[in-house]
Enquirer: 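My structure is below; once you've seen it, I'll send some questions.
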Amino acid sequence: MNSPKIPEPSRQSARNWIVVALLLTAATACGLLLDRYISLTSQAMIYVLAVVIAAYKLDWIGSAVCAVGAVTALNFFFVPPRWTFEVESQEHFIALATMLVVALVISHLATGVRRETEIARLNERRARQLHGLAANLSSVTSPEEVLALGQEALDAAFTGPCSLVLTHDGNELDHAAGLAASVRDGMRCCMAEAAVLGPGTGRWPGLDAWYLPLGDKGHMTGAVCVEPALAQDVSGREHAQALCALLAQALWRLRLTSSMLAAQSDAQRQQLQSTFLAAISHDLRTPLAAIVGAASSLQTQRDKLSPSEQERLLGSIVSEASYLSTVTENTLQLVRLTSSAQEFRRDWESMEEIVGAVLARVRQRDPERRIKSKVPEGLPLVKADPVLLAQLIGNLLDNALKYSEGAIDLTVNADGQELVVSVKDRGPGIPEAEQQAIFEPYARGDQSGQRGAGLGLALCRAIADAHGGRLTLRPRAGGGSNFVLTLPVEAQQPGRERP
Ligand code: ADP
């Protein structure tokens, strides 16, 4: 909003005098030009017209001076004896006095009308500003945006300087270092009193600015200093208060939203942790019982067991223990990724090295060498946690080994600004209805007798998300599954020489 900027007093009075002089000169010139054709009454009317124009254009003093000047000029130039200030007849004297009163009344009335019109326009502009600010504030998402909108509104509404500062940690003012000490003190004081201070407020009337709190006791979000502040400018002060009320409301809404979100994510985290705890205790119990059973049989009855029986028990201990280790590892990583707000460490990593390490580990479970890998040389490096990425690819390969028979293809390709890792098998595939659900924790498909905890793919997706990538299941022509991991590649690559 552009409020009428107040002209400097000295310039304003100079302008008044010039307008008065011009109007009186023009009226006199007209009177003299038409002297031969019009009567004294008409000449008086020309001066009245000049007074009306002055009353419409100038303030009360300017138009009153014009009224007095008009009567004086009429007397000097036109009332006999002309070219003197004397008044010959009583009738002319009464006419001049009447004209003076009329001129003064006209200028008083016209100035009043003009002032009321200006006030009405100003109020309308202020109402529009409040309406616009409320609309803008309804969509803000950060206190910085409120700060910018508030400062802009104050600068538009008042000639200033105006300052707006927000609080953090209770009543401490944010970024208030650039303010004068008196302004900072005024702001602190108004926040402590939770009331407007300054001229016309009844509190600290000697101040030369208004200090307005943003909010009320217990809900303080900042403070505002508005200049110039005049005790008689009640509507200006009310407008500043209305602006501050809108800003305080928006700031409080943002605070409430952020504490609500924090509480929500806290509750979600706690719920997730207890779900994991319940699930892990359930998943660990069966393999642990099997290990304890097999180990105690071996310990107490080894002499009575045949070598093949002993071999079978040892094999079951190894397989149960490795299942336990996988489930524990997956659970712990999933808890870490989904319930911790902490950032994990990422370094520049080579996909070739990660895939090599995974294959070395998974091949122990792939005696028939079903996994065929194709990793071209010279792939760009990715910023990643190598342990997590290895776990992701390892889980996909384990699933392919578990749920399919026949060849499994592991390929890595660079595609524009992305690195694409794909694990394809020729197993039964996953029905379309289950393709989204299998990425949820503890979701299992039609397992065809395979053992699992339903955590592998959930962890894979969480790892992909944490790296800014995606894990998707794509249809594979000819049957089977095709899990595709896409990782972003940064354009700025480090030197290839690794330490
Ligand atoms: P788990 O293997 O422990 O059940 P996952 O989260 O790894 O848990 O997998 C979820 C489900 O997705 C599995 O139960 C299985 O039904 C299905 N699945 C995963 N990988 C494959 C695959 N390669 N082929 C067929 N089905 C699969």
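Predicted model, so just to flag it, every value in this text is computed and none were measured. Whatever order the structure lists ligands and atoms in, that order sets their numbers, starting from 1.
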Enquirer: Checking contacts here: is it the side chain or the backbone of A453 that comes within 4.0 Å of ligand 1, counting heavy atoms only? Could be both or neither.
Expert: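 Backbone only.
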Enquirer: Any atom of ligand 1 sitting under 4.0 Å from a heavy atom of S404?
Expert: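 The answer is no, since S404 has no heavy atom less than 4.0 Å from ligand 1.
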Enquirer: Rounded to the nearest 0.5 Å, what separation is found between the CG atom of L154 and the CG atom of L247?
Expert: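 L154 atom CG to L247 atom CG measures 6.5 Å (nearest 0.5 Å).
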Enquirer: Counting heavy atoms only, which of A400, G445, A458 is nearest atom 16 (O) of ligand 1?
Expert: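 Selected option, by shortest heavy-atom distance: G445.
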Enquirer: Under 4.0 Å from ligand 1, counting heavy atoms only, is it the side chain of L396, its backbone, both or neither?
Expert: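 Neither; nothing of L396 gets under 4.0 Å from ligand 1.
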Enquirer: Return the option from N399, I438, I430, N395 holding the heavy atom at the smallest distance from atom 27 (C) of ligand 1.
Expert: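 That would be I430.
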Enquirer: A quick test of your reading: do over 12 heavy atoms of other residues, nucleotides or ligands sit less than 6.0 Å from CD of E434?
Expert: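 Counting other residues, nucleotides and ligands, CD of E434 exceeds 12 neighbours.
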Enquirer: Evaluate whether atom CZ of R363 has more than 12 neighbouring non-hydrogen atoms of other residues, nucleotides or ligands under 6.0 angstrom away.
Expert: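 It does: R363 CZ has more than 12 such atoms within range.
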Enquirer: Once you measure the plane-to-plane angle for H219 and W252, does it fall in the parallel (<30°), tilted (30-60°) or perpendicular (>60°) bin?
Expert: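 The rings of H219 and W252 stand perpendicular, inter-plane angle above 60°.
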Enquirer: Are there more than 12 heavy atoms of other residues, nucleotides or ligands under 6.0 Å from atom CD of E405?
Expert: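 Open: at most 12 neighbouring heavy atoms sit under 6.0 Å from CD of E405.
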Enquirer: Would you say L457 has any N or O atom under 3.5 Å from an N or O of ligand 1, going by distance alone?
Expert: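 Yes; the residue has a nitrogen or oxygen that sits under 3.5 Å from a nitrogen or oxygen of the ligand.
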Enquirer: What about G452: any of its N or O atoms under 3.5 Å from an N or O on ligand 1?
Expert: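 Such a contact does not occur with ligand 1.
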Enquirer: Using a strict 4.0 Å threshold on nitrogen-to-oxygen distance, state whether R312 and E309 make a salt bridge.
Expert: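 Answer for the salt bridge query: yes.
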Enquirer: Is the CZ atom of R115 crowded by more than 12 outside heavy atoms at less than 6.0 Å?
Expert: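 Check fails, neighbour count at 12 or below.
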Enquirer: Going from CG on L457 to CG on L471, what distance comes out if it is rounded to the nearest 0.5 angstrom?
Expert: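 Between atom CG of L457 and atom CG of L471 there are 7.0 Å.
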Enquirer: Using heavy atoms and a 4.0 Å limit, tell me yes or no: is G427 in contact with ligand 1?
Expert: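 Per 4.0 Å heavy-atom rule, G427 does not contact ligand 1.
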Enquirer: Within a 6.0 Å radius of atom NZ on K374, are there more than 12 heavy atoms belonging to other residues, nucleotides or ligands?
Expert: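 Open.
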Enquirer: Output the list of atoms in ligand 1 that are nearer than 4.0 Å to some heavy atom of L455, sorted by atom number.
Expert: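 Under 4.0 Å from L455, ligand 1 has these atoms: 6 (O), 8 (O).
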Enquirer: Does any N or O of ligand 1 fall below 3.5 Å from an N or O anywhere on G454, backbone included?
Expert: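 Between G454 and ligand 1 (N or O atoms, distance only) the closest approach is under 3.5 Å.
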Enquirer: Heavy atom of Q450 under 4.0 Å from ligand 1?
Expert: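 It does not, in that no heavy atom of Q450 comes within the 4.0 Å cut-off of ligand 1.
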Enquirer: Does any N or O atom in R451 lie less than 3.5 angstrom from one in ligand 1, N or O only?
Expert: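 Between R451 and ligand 1, no N or O pair is found under 3.5 Å apart.
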Enquirer: Any heavy atom of G480 closer to ligand 1 than 4.0 angstrom?
Expert: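 No, G480 has no heavy atoms under 4.0 Å from ligand 1.
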Enquirer: Looking only at atom types and distance, does a side-chain atom of S296 sit under 3.5 Å from a main-chain N or O of G293, one as donor and one as acceptor?
Expert: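 Pair found, side chain donor or acceptor close to backbone of G293.
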Enquirer: If we set the cut-off at 4.0 Å for heavy atoms, which region of K402 has an atom near ligand 1: side chain, backbone, both, or neither?
Expert: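 It is the side chain that gets close, since no backbone atom is under 4.0 Å.
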Enquirer: With nothing but distance in play, are any N or O atoms of A443 less than 3.5 Å from an N or O of ligand 1?
Expert: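 Not met; the criterion fails.
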Enquirer: Can you confirm, on distance only, whether ligand 1 has an N/O atom lying under 3.5 Å from any N/O atom belonging to G456?
Expert: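 In this structure, G456 places an N or O atom under 3.5 Å from an N or O of ligand 1.
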